[in-house]
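All remarks here apply to the structure that follows.
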2 protein chains.
Amino acid sequence: MLTISQLAAYAGVTVRAVRHYHKIGLLPEPGRDRSGYRTYDAAAVVRLIRIRTLADAGVPLARVQELLDAGPAEFADGVQEIDKHLRAEIRRLQDTRSRLARLATGEHLALPQSVVDYLDRLRGLGVGERYIELERDAWIMIAAQVPHLIDSVIAKKHEELDDPDMVRLYGFFTGELDWPADDPRIVEVADVLERLMIRAVEAGAAGGDGFDDQFVALMDSTMLESAPGAELVLAILKERGWRGWTRIERVPADRLGTELPPP
Amino acid sequence: MLTISQLAAYAGVTVRAVRHYHKIGLLPEPGRDRSGYRTYDAAAVVRLIRIRTLADAGVPLARVQELLDAGPAEFADGVQEIDKHLRAEIRRLQDTRSRLARLATGEHLALPQSVVDYLDRLRGLGVGERYIELERDAWIMIAAQVPHLIDSVIAKKHEELDDPDMVRLYGFFTGELDWPADDPRIVEVADVLERLMIRAVEAGAAGGDGFDDQFVALMDSTMLESAPGAELVLAILKERGWRGWTRIERVPADRLGTELPPP
DNA sequence: ATGGAGGGTTGACCCAGCGTCAAGGTCAAG
DNA sequence: CTTGACCTTGACGCTGGGTCAACCCTCCAT
């Protein structure tokens, strides 16, 4: 006959755990010797080892009890199920490992690959890290709100970058971003933007861009929040008869002065 | 700006978890809008995703906090450590899978391989499952109490099985085991055992078997508890001047009648 | 016989990491 | 104005034990 600590040591568990299993009725209370010590037999060893094997597999103790007290068919089914869980868990941990490896480096975890690629393209154009971070944060906000649209939006952005004027536009964002309000480059930026807008309108953007009003408002407000000076540029363009940002519109002369809806 | 559920959904956690992270100071409380709702920015998204990546790797939240607020060197060290843990955990789960596969089948989990092999050898000799189970339970008890000795004991048992008389002895245990006290086979068993004992003594077993008294007592009492009828056989042998079981002794004529120590 | 080590006994409280109500206040749409 | 989907705080529950605390048993050496 075994004492509780002999039993526990052989099965690789603590004495406390064995007593816990008694308390919840998972392992039957054995007989006691005349001094009150529990005395275990081989059946207890076998049952305890079965308990541990299942518990190590992550099975809740209540389920362990069901399984051990069930027929062989149900038991086999249960074990199948547990093994499936184990395989999934192993795959999850392997995935976690690869995510962990990317933890230190960059924005890869917070953004879909398409956006990461887009930001890398901007870097390739010489855009400064300061501005890249602003863009990144804006894209994080957009991706968080409309994850299903993000890939198609980024695809449009890539198309836009095929236009040399767009490349020129991004070329402004290489150094410090806090331009004073009278910085002459602001007018240059507005000029480039106006050319882009004209071309966009000519290309038929007026017809509709496939996005609904809410999403356009989201894009506009996010970009306005993220890019310092964007308001200044928008003000200049408004004087010239343009409205919008994500969705470009020529403002009819009689409506000049109408505000954008508040972000 | 994001609401808490947008943030949570994007990071793949529950709203409740985000609030929990606020409560323990892991994720800073963001600003509120005029109605008291929390409003999150991109930095919160990034931090929350980092938190989840580490937490998914099994890192306690307190440790996550330390890591995220530490310098890059300490962070890299910590990630190394976590990855080591992950690899170990994956190996542990794979091991659990193979143990799980053996759960339904046999005694493999409760006994070392050497004993399993020994029991298989007994089966090969035609010993009945009823008796095998008794042996198995006895070996479980012995292995639980003196795991470091089990392999050498089993090795001795294997040697003993090379003796044809020992094979003959086990040959008795094929069917029912509850022999009546006057079953003639009991005398036959005693005869075979006596021949074995004589040969053992001649072979020099008297010199000492390398086991201490406590262990011999353990073997004796375990086998006596497990095998019905063993006491009868021992009684017959005692009349013939033998004592012991695990350790065989010729009892000098003047001490005939001396009892074995109580188990 | 006695004292100390090293078992054993019960009981009660404590932990992470949230899940799950409960009991409301807010917001957008119809 | 209502409805339904959010948001807020707060409190309790859960698993699988760990960690005292306070005491009893047994064995061994002295």
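Letters A, B, ... are given to chains in the order of the sequence lines, protein chains preceding strands, and every chain is numbered from 1.
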If I take atom [atom1] in residue [X] and atom [atom2] in nucleotide [N], what distance separates them, rounded to the nearest angstrom?
| X | N | atom1 | atom2 | value |
| --- | --- | --- | --- | --- |
| B:K23 | D:dT8 | NZ | P | 11 Å |
| A:L54 | D:dT15 | CG | C1' | 16 Å |
| B:R19 | D:dC7 | CZ | P | 8 Å |
| A:Q145 | D:dC6 | CD | P | 14 Å |
| A:Y40 | C:dT9 | OH | C1' | 11 Å |
| A:H22 | C:dT10 | NE2 | P | 9 Å |
| A:L2 | C:dG8 | CG | P | 11 Å |
| B:L27 | C:dG17 | CG | C1' | 15 Å |

Could you list the donor-acceptor pairs under 3.5 angstrom formed between side-chain atoms of residues 44-51 of chain A and any protein atom two or more places apart in sequence or on another chain?
{"unit_1": "A:R47", "atom_1": "NE", "unit_2": "A:L26", "atom_2": "O", "d": "3.0"}
{"unit_1": "A:R47", "atom_1": "NH1", "unit_2": "A:D69", "atom_2": "OD1", "d": "3.2"}
{"unit_1": "A:R47", "atom_1": "NH2", "unit_2": "A:L26", "atom_2": "O", "d": "3.1"}
{"unit_1": "A:R47", "atom_1": "NH2", "unit_2": "A:D69", "atom_2": "OD1", "d": "3.1"}

Results of side chain to side chain contact (heavy atoms under 4.5 Å, CB included) for A:D95 - residues two or more places apart only: A:S98, A:R99
Under the side chain to side chain contact (heavy atoms under 4.5 Å, CB included) test, residues paired with B:Q113 that sit two or more places apart: B:H108, B:V116, B:D117
Any residue meeting side chain to side chain donor-acceptor pair (under 3.5 Å) with A:D137, in chain and number order, not counting sequence neighbours: none
Under-4.0 Å salt bridge between A:K157 and A:E160: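 Yes, this pair counts.
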NZ/NE/NH1/NH2 to OD/OE distance under 4.0 Å, A:R63 and A:E66: yes
Nucleotides 17-23 of chain D: protein proximity per nucleotide (B base, S sugar-phosphate only, - neither; heavy atom, under 4.0 Å): BBB----
Nearest-nucleotide pick for A:R38, side chain only, options being D:dG16, C:dT10, C:dG8: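 Per side-chain heavy atoms of A:R38, the pick is C:dT10.
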Sugar-phosphate only, base, or nothing, as touched by A:I24 at under 4.0 Å among non-hydrogen atoms: nothing
C:dG7 OP1/OP2 closer than 4.0 Å to side-chain N/O of A:T3: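 For A:T3, the contact criterion (side-chain N or O under 4.0 Å from OP1 or OP2 of C:dG7) is not met.
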Phosphate OP1/OP2 of D:dT9: any B:R32 side-chain N/O under 4.0 Å: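 It does, given that an N or O in the side chain of B:R32 lies less than 4.0 Å from OP1 or OP2 of D:dT9.
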Residues B:L2, B:Y10; criterion side-chain contact (heavy atoms from CB on, under 4.5 Å); working and verdict: CA-CA 10 Å; B:L2 305 176; B:Y10 190 60; 6.0 Å; no
Under the ring-ring contact (aromatic ring centres under 6.0 Å, His included) test, residues paired with A:F215 that sit two or more places apart: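 Once residues adjacent in sequence are excluded, the partners of A:F215 under the ring-ring contact (aromatic ring centres under 6.0 Å, His included) criterion are A:F211.
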Residues which pass ring-ring contact (aromatic ring centres under 6.0 Å, His included) with B:H22, listed by chain and number, not counting sequence neighbours: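 B:H22: ring-ring contact (aromatic ring centres under 6.0 Å, His included) contacts with B:Y40.
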Verdict with supporting geometry, A:M141 and A:L218, side-chain contact (heavy atoms from CB on, under 4.5 Å): CA-CA 9 Å; A:M141 301 304 279; A:L218 166 63; over 6 Å; no
Can you check nucleotides 1-3 of chain C for protein contacts, nitrogen or oxygen pairs under 3.5 Å, and list what you find?
none

A:D220 (side chain) donor-acceptor with A:T246 (main chain) under 3.5 angstrom: yes
Strand-adjacent residues in residues 81-98 of chain B, judged by heavy atoms under 4.0 Å from DNA chain C: none
Could you go over nucleotides 27-30 of chain C and give all protein N or O partners under 3.5 Å, atom names and distances?
{"unit_1": "C:dC27", "atom_1": "OP1", "unit_2": "B:S35", "atom_2": "OG", "d": "3.2"}

side-chain contact (heavy atoms from CB on, under 4.5 Å) between A:I4 and A:T39, worked out: CA-CA 7 Å; A:I4 196 170; A:T39 58; over 6 Å; no
Pair listing, salt bridge (Lys or Arg N to Asp or Glu O under 4.0 Å) test, anchored in residues 15-30 of chain A, at least two apart: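 Of all non-adjacent pairs touching residues 15-30 of chain A, those that pass salt bridge (Lys or Arg N to Asp or Glu O under 4.0 Å) are A:E29-A:R32, A:E29-A:R38.
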Within residues 46-91 of chain A or reaching into it, pairs that qualify as ring-ring contact (aromatic ring centres under 6.0 Å, His included) - sequence neighbours excluded: none
